[in-house]
2 protein chains.
Amino acid sequence: MTMMQRDDGADDMPDLWAGAVDLGALGRSLGFALRRAQAAVAEDFAARFGPEDIRPIQFALLTVLRHNPGLRQTQVSFALGVKRTNFVPLLDELTGRGLAERRQVPGDRRAAALFLTRDGAALLDRLEGLARAHEARFAARIGAADYATLLGLLHRVADRALDEG
Amino acid sequence: MTMMQRDDGADDMPDLWAGAVDLGALGRSLGFALRRAQAAVAEDFAARFGPEDIRPIQFALLTVLRHNPGLRQTQVSFALGVKRTNFVPLLDELTGRGLAERRQVPGDRRAAALFLTRDGAALLDRLEGLARAHEARFAARIGAADYATLLGLLHRVADRALDEG
DNA sequence: TATTGTTATACTCTATAACTATA
DNA sequence: TATAGTTATAGAGTATAACAATA
């Protein structure tokens, strides 16, 4: 129950103490609510995928490659919301670990088509089990119906209408 | 309508192209949905608060100081979900700009009590108008009722039950 | 001994500019 | 001229370890 720090270096960030503080308008801030939810989800993800040494964006990349073998680098980076310039080292790490690979594109010698390797596919098989448990945790926390509602609302927030600024 | 890059350095990360790619299980991933929503909200925040040179966490800090004058550094950092070690330079920047200040605590010479300065309060008055417009944009995007629902669901995701791992 | 604030440091994420080799 | 991928770099965000002053 105590929210004290562990002796030395390692802090923790107790969401529990926050209750004692008046957050004012932050309580009605979408950005702040997203931040808190992100932290909770990221913590659970790290606990499950950490032993496999896989971060969220890496899992997302492997998943996109499985469902879209042969996509160009730029297409994948855009789908993930990662600038193509930052995508390079991200992909490099996975290719370096033998999980993904670049292949030449017949018609265009500039382009690289991306594929999962056999090892990458095998790893992803295992990761998908972790992912299901990860999602299930939050579905259980707020209820399956609200979980589905939440996913839909988040995507509606992200999918800006074309007539908006 | 084109999602081409602007000539040179500046990429953009078109969420629109993502539709052409099969995201597979990512479509049912809470973390990925949070990431997309975060990006949309952060973009709007930056457009509005950028001219004031205020980032989300800085606005959050100013807001907490207004509603809780005299709190200790550690309490504020915990309320914001920022480790106290990372909180130091964050607060330093605001005190350096004359927006917040540390004061001595009578009973404890280790501690620092935090307050908004007059300038900080004046700035926050203006920022709160920007914040209202910022929130209103997303309330309008998905509807006021769904916006309220979304806020509630996000906080339920973050507020872990005590009997959970 | 424990806590408050602090420094130093490292790693990840994100962003811009500019380059190369192709087209 | 424009595009695909790349490099270099800088700014934030976040993490751990360890210290001084004080309790």
Side-chain angles (χ1 to χ4, degrees), chain A residues 2-13 17 31 34-35 38-39 42-43 45-47 49-50 53-58 60-61 71-78 80-95 101-114, chain B residues 2-13 17 31 34-35 38-39 42-43 45-46 49-50 53-61 71-78 80-93 95 102-114:
Chain A
T2 72
M3 290 314 311
M4 308 296 102
Q5 287 84 21
R6 271 169 266 113
D7 203 327
D8 219 350
D11 290 67
D12 27 19
M13 312 187 320
W17 269 36
L34 286 167
R35 177 190 169 88
Q38 269 267 20
E43 182 187 355
F45 188 100
F49 290 74
D53 198 17
I54 289 289
R55 281 164 285 136
I57 192 62
Q58 296 173 319
L61 172 49
L71 274 192
R72 312 301 187 74
Q73 240 176 259
T74 299
Q75 292 179 294
V76 176
S77 74
F78 279 5
L80 295 178
V82 174
K83 292 193 186 299
R84 69 193 202 288
T85 188
N86 294 325
F87 187 79
V88 175
L90 169 62
L91 179 61
D92 281 348
E93 194 190 332
L94 293 190
T95 60
E101 61 179 359
R102 294 174 170 93
R103 290 191 207 154
Q104 273 215 353
V105 172
D108 189 338
R109 289 199 300 174
R110 296 171 301 181
L114 304 188
Chain B
T2 72
M3 290 315 310
M4 310 295 103
Q5 287 83 22
R6 271 169 268 112
D7 203 328
D8 221 349
D11 289 67
D12 26 21
M13 311 188 320
W17 270 35
L34 285 167
R35 175 190 169 87
Q38 270 267 19
E43 182 186 356
F45 188 99
F49 290 75
D53 198 16
I54 290 289
R55 281 164 288 133
I57 192 63
Q58 296 173 320
F59 174 67
L61 172 49
L71 274 192
R72 312 300 187 75
Q73 241 176 256
T74 298
Q75 292 180 295
V76 176
S77 75
F78 280 5
L80 295 178
V82 174
K83 292 191 186 301
R84 70 194 202 287
T85 186
N86 295 324
F87 186 79
V88 175
L90 169 61
L91 178 62
D92 282 347
E93 194 190 332
T95 59
R102 294 172 169 94
R103 290 191 207 152
Q104 273 215 355
V105 172
D108 189 338
R109 288 199 300 173
R110 297 170 302 180
L114 304 189

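Order of the sequence lines fixes the chain letters, A, B, ..., with proteins taken first and strands second; residue numbering starts at 1 for each chain. Both backbone and side-chain heavy atoms feed into the values below; hydrogens, waters and symmetry mates do not.
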Answer whether the closest heavy-atom distance between the side chains of B:L61 and B:F87 falls below 4.5 Å.
yes

Nearest-nucleotide 5' precedence on DNA chain D, A:R35 against A:A113:
A:A113

Whole angstrom is fine here: how far is it from CD1 in B:I57 over to P in C:dC13?
19 Å

Correct closest heavy-atom pair for B:R72 and B:A111 would be NH1-CB, 3.2 Å

Quick one: B:Q104 CD to C:dG5 C1', roughly how many Å, whole number?
13 Å

Please list, for nucleotides 10-12 of chain C, all pairs of protein and nucleotide N/O atoms separated by less than 3.5 Å.
residue: C:dT12; atom: O3'; partner: A:R55; partner atom: NH1; Å: 3.3

Could you check B:Q38 against B:R35 for side chain to side chain contact (heavy atoms under 4.5 Å, CB included), going step by step and ending with a plain yes or no?
CA-CA 5 Å; B:Q38 270 267 19; B:R35 175 190 169 87; 5.6 Å; no

A:N86 CG to C:dT16 C1', straight-line distance once rounded to whole Å
10 Å

Apply ring-ring contact (aromatic ring centres under 6.0 Å, His included) to B:F45 and list each qualifying residue two or more places apart in sequence or on a separate chain.
B:F49, B:H134

Check nucleotides 21-23 of chain D against the protein and report each pair of N or O atoms closer than 3.5 Å, with its distance, or say if there are none.
residue: D:dT22; atom: O2; partner: B:R110; partner atom: NH1; Å: 3.4
residue: D:dA23; atom: OP1; partner: B:R109; partner atom: N; Å: 2.7

Through what angle, rounded to 10 degrees, does the axis of the helix from C:dT1-D:dA23 to C:dA23-D:dT1 turn between its ends, using five pairs per end?
10°

Give a yes/no on whether any side-chain N or O of A:T85 is located under 4.0 angstrom from OP1 or OP2 of D:dG5.
no

Output the rounded distance in Å from CZ (B:R102) to C1' (C:dT4).
11 Å

Any residue meeting side chain to side chain contact (heavy atoms under 4.5 Å, CB included) with A:R102, in chain and number order, not counting sequence neighbours:
A:Q73, A:V88, A:L91, A:D92, A:T95, A:A112, A:L114

5'-most by nearest nucleotide on DNA chain C - B:A111 or A:P56:
B:A111

Nucleotide C:dA8, atom P - distance to CZ of B:F87 in whole Å:
20 Å

For A:Q58, what residues pass the side chain to side chain contact (heavy atoms under 4.5 Å, CB included) criterion, not counting sequence neighbours?
A:I54, A:R55, A:L90, A:E93, A:L94, A:R97

A:R84 has an atom CZ; how far is it from atom P of C:dT14, in whole Å?
16 Å

Are the side chains of A:R110 and A:V105 in touch, meaning some heavy atoms are under 4.5 Å apart?
no

In whole Å, I'd like the distance from the CZ atom of A:F45 to the P atom of C:dC13.
11 Å

Separation of B:Q38 atom CD from D:dG13 atom C1', in whole Å?
12 Å

Report yes if at least one side-chain N or O of A:Q75 is closer than 4.0 Å to OP1 or OP2 of D:dA4; otherwise report no.
no

